[in-house]
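First comes the structure, then the notes that go with it.
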Amino acid sequence: MTSFMREALAEGERALDRGEVPVGCVFVKDNCVVGRGSNRTNELMNATKHAELVAIEAILEEHGPQVLKDCDLYYY
């Protein structure tokens, strides 16, 4: 198992600790994590706050949309 997949699993564990469905993900570009997220649908009472969308929002806020090109997604 890759270290990036382990990070996605850790994000899922964070979601579980918050009472969410245990799903997490990390986006990787050039062998560096550029975004991460875990499910927050119950916490935020928003059905769109799935792990991958939370991670994308973090990427957009920190890096802008150009970073999303050529990323790998590790999702569990």
Side-chain angles (χ1 to χ4, degrees):
M1 180 181 312
T2 70
S3 63
F4 297 126
M5 190 62 188
R6 283 187 190 92
E7 291 193 47
L9 288 167
E11 287 295 326
E13 289 175 5
R14 285 182 195 63
L16 183 62
D17 290 344
R18 292 191 312 271
E20 298 282 353
V21 175
V23 176
C25 74
V26 295
F27 281 85
V28 177
K29 183 171 185 167
D30 299 328
N31 214 33
C32 293
V33 174
V34 293
R36 62 181 67 241
S38 56
N39 275 359
R40 298 182 70 192
T41 57
N42 296 332
E43 175 187 0
L44 299 176
M45 298 182 68
N46 185 331
T48 68
K49 297 301 181 182
H50 289 264
E52 65 279 15
L53 296 177
V54 170
I56 288 171
E57 288 174 354
I59 291 168
L60 294 174
E61 187 174 303
E62 187 171 338
H63 303 287
Q66 70 281 1
V67 173
L68 287 170
K69 184 177 180 188
D70 298 323
C71 283
D72 293 317
L73 169 64
Y74 293 81
Y75 182 84
Y76 183 83

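Computed from a predicted model, the values in this text were never measured in an experiment. These numbers come from the heavy atoms of this one structure, side chains and all, not from hydrogens, waters or symmetry mates. Residues: numbered from 1 along the sequence shown.
Using a 3.5 Å distance cut-off with no hydrogens or angles, the side chains of Thr41 and Glu20 do pair a donor with an acceptor. Under the 3.5 Å distance criterion, with hydrogens and angles disregarded, a donor-acceptor pair is assigned to the side chains of Thr48 and Asn46.
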- Query: After noting the C-alpha distance and the side-chain angles of Ile59 and Leu68, does the key distance pass the side-chain contact (heavy atoms from CB on, under 4.5 Å) rule?
  - Reply: CA-CA 8 Å; Ile59 291 168; Leu68 287 170; 3.8 Å; yes

- Dump the intermediate steps for side-chain contact (heavy atoms from CB on, under 4.5 Å) on Cys71 and Val34, then the final yes or no. CA-CA 9 Å; Cys71 283; Val34 293; 4.0 Å; yes

- Would you sort out whether Leu73 and Cys25 count as a side-chain contact (heavy atoms from CB on, under 4.5 Å), showing the intermediate values? CA-CA 7 Å; Leu73 169 64; Cys25 74; 3.7 Å; yes

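In terms of the side chain to side chain donor-acceptor pair (under 3.5 Å) criterion, Ser3 has no residue partners (sequence neighbours excluded).
Using a 4.0 Å cut-off between a side-chain N of Lys or Arg and a carboxylate O of Asp or Glu, Lys49 and Glu57 qualify as a salt bridge.
Grouping the Ile, Leu, Val, Met, Phe, Trp and Tyr side chains by contacts below 4.5 angstrom, directly or via other members, places Val54 apart from Leu44.
The shortest distance between side-chain heavy atoms of Ile56 and Phe27 falls below 4.5 Å.
Residue pairs meeting the ring pair (Phe, Tyr, Trp, His ring centres under 6.0 Å) criterion with at least one member in residues 3-25, sequence neighbours excluded, are Phe4-Tyr74. Identified under the side chain to side chain donor-acceptor pair (under 3.5 Å) test for residues 58-73, with sequence neighbours left out: none.
Within a 6.0 Å sphere centred on CG of Asp17, other residues, nucleotides and ligands contribute more than 12 heavy atoms.
Under the 3.5 Å distance criterion, the side-chain polar atoms of Arg18 are matched with a main-chain donor or acceptor of Asn39.
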